[in-house]
2 protein chains.
Amino acid sequence: MGSTTTKKGASGSTGKSNLPPARLKLAAAMRQLLRTKDFNSITTAEISRTAGANEALIYRYFKDKRGLLHQVLYDYLLEFHSEIQNEFKAAPGALDKLRCLVRAHIRMYDSNRVFAKILLLEVRNYPGYFESATYRLVKNYGKMVTEIVREGVASGEIRGDIPPFRIRDLILGGIEHFCISAVIFSHEISVAATAGQLCDLLFKGIEAVPKTGRGV
Amino acid sequence: MGSTTTKKGASGSTGKSNLPPARLKLAAAMRQLLRTKDFNSITTAEISRTAGANEALIYRYFKDKRGLLHQVLYDYLLEFHSEIQNEFKAAPGALDKLRCLVRAHIRMYDSNRVFAKILLLEVRNYPGYFESATYRLVKNYGKMVTEIVREGVASGEIRGDIPPFRIRDLILGGIEHFCISAVIFSHEISVAATAGQLCDLLFKGIEAVPKTGRGV
DNA sequence: CGATACATGTAAGTAATACTTACATGCGGT
DNA sequence: ACCGCATGTAAGTATTACTTACATGTATCG
């Protein structure tokens, strides 16, 4: 994600090492403030005060206030990515993988409300977001989901008469809407139950199964 | 929606009549500006200039800049509501109604990009939105969808082993994600095809149907 | 060892902008 | 003719994101 100055190692992300302390403190301050306030009502003065760093450092280490927001989201996304890769270890089929992914995604939203708030509420409205490296990560995640769907189509687990990206959209849209109300109003989420119901609906559809003689 | 002064008739909405001309012009200006710019980068000066009205009038007729945005969305929602009621005339079953609703909803997003942008991108990030009369309309729409689902469960068309509000969430989440990319990047939407695919997925699920001897 | 280059940190300043306030104007009703 | 009230106007203010010019510490290199 390089800020202004591209250092040698550390590839730009906030990997804790190398990066100037003020930079890390500013990101931490942004995360903390987002727990209780929305992005627009957080002032740069507040951020620097909370971080115990000078206001101008925001603009040295990030493009602007939104750049800082994007960086915070970026770090969360890296964490999420690696977490989800691990989960896949023991998932043989595409549907298993999707079940896994849905659960991990919802769990991430539940246990990390700031992450959920940023992704679901705070970035979409700013056009520049869609040019950012952060958005590129999000897009990659989407591609990964599409890839799993494609895999499922190939193996015969998932229907092939609908474009895979549509199926991906339904999955991601479902996840989002199953969580967004809880995120906005700070309600709890029962991860297992929510993920289970969502997968059930996604896989089987909403139609009642007609009373066919014997199942399958 | 009453602004500051609650007039006798007109129930507050921008029903064209009674309301001061400047108020209408400001709303129209906001709509026009939103066609090309995001809410945050539209200034009050720009709004008033475009409307040919004085800047202070924004604050006389609306609570603030966001109040104006909410009013614009409110008007769109009224239009959408009445449009959707009409469509229902010739929809006997719950699934027919849902099919109808999905198509109407997507068509509305397609033919009214400003409406879609506001609802999908611009309001969610502001906490005050969820206290607004505008949000109450949106919530009512959600309740209506849930009601249709409940009707479908009662008639045996829709499965009853999942809470209706979950089914609603999947439907609305699906609609949103099927459209949001086109809204953000100003691509066209093929309403019929998109709605068809979405309903198909929603109703039947994403699993490939196993080769059961004879269908139904 | 001293000097230089550079990253990090600081403080004061500026332009833009959402919102306010106090004032003018037109008009309908009595 | 006059009063009340809704509508419209102009100038002002406080906030805030962002800038710029400067200070400090530290590691590198002659």
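Here is how names work: the chains are called A, B, and so on, in the same order as the sequence lines, proteins then strands, and each is numbered from 1.
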Whole-Å distance separating the OH atom of B:Y126 from the P atom of C:dA18 | 14 Å

Under 4.0 Å between a Lys/Arg side-chain N and an Asp/Glu carboxylate O for B:R124 and A:E122?
-> no

What's the closest nucleotide to the B:A56 side chain, out of D:dT9, C:dA18, D:dC18?
-> D:dT9

Closer than 4.0 Å, any side-chain N/O of B:T44 to the OP1 or OP2 of C:dA18?
-> yes

Atom-to-atom span, CZ of B:R66 to C1' of C:dA18 - whole angstrom = 13 Å

Taking atom C1' of C:dG9 as reference, at what distance in whole Å does atom CG of A:L24 sit?
-> 15 Å

Could you give the CG-to-P distance, from B:L26 to D:dT9, as a whole number of Å?
-> 11 Å

Between D:dG8, C:dA18, C:dT10, spot the one nearest the side chain of B:R60, thanks.
-> D:dG8

Distance in angstrom units between A:Y59 OH and D:dA21 C1', rounded = 17 Å

Rounded distance in Å - CG (A:N54) to P (D:dA23) = 15 Å

Select base, sugar-phosphate, or nothing to describe what A:I42 touches, counting heavy atoms under 4.0 Å on all strands.
-> sugar-phosphate

Salt-bridge test for B:R49 and B:E55: reply yes if a basic N is under 4.0 Å from a carboxylate O, no otherwise.
-> no

Here the distance between atom C1' of C:dA18 and atom CD of B:E46, to the nearest Å, is 14 Å

May I ask you to check whether B:F80 and B:H105 place their ring centers less than 6.0 Å from one another?
-> yes

Could you tell me the separation between the CG atom of A:L57 and the P atom of D:dA23, rounded to a whole number of Å?
-> 17 Å

Heavy atoms under 4.0 Å, any strand shown: does A:I47 hit a base, just sugar-phosphate, or nothing?
-> nothing

Six-ring centre of B:F39, B:K65 cation under 6.0 angstrom, axis tolerance 45° | yes

For the side chain of B:Y61, counting heavy atoms from C-beta on, which of C:dT21, D:dG8, C:dA18 is nearest?
-> D:dG8

Pick from B:K204, B:R99, B:R103: which one makes a side chain to side chain contact (heavy atoms under 4.5 Å, CB included) with B:C199?
-> B:R99

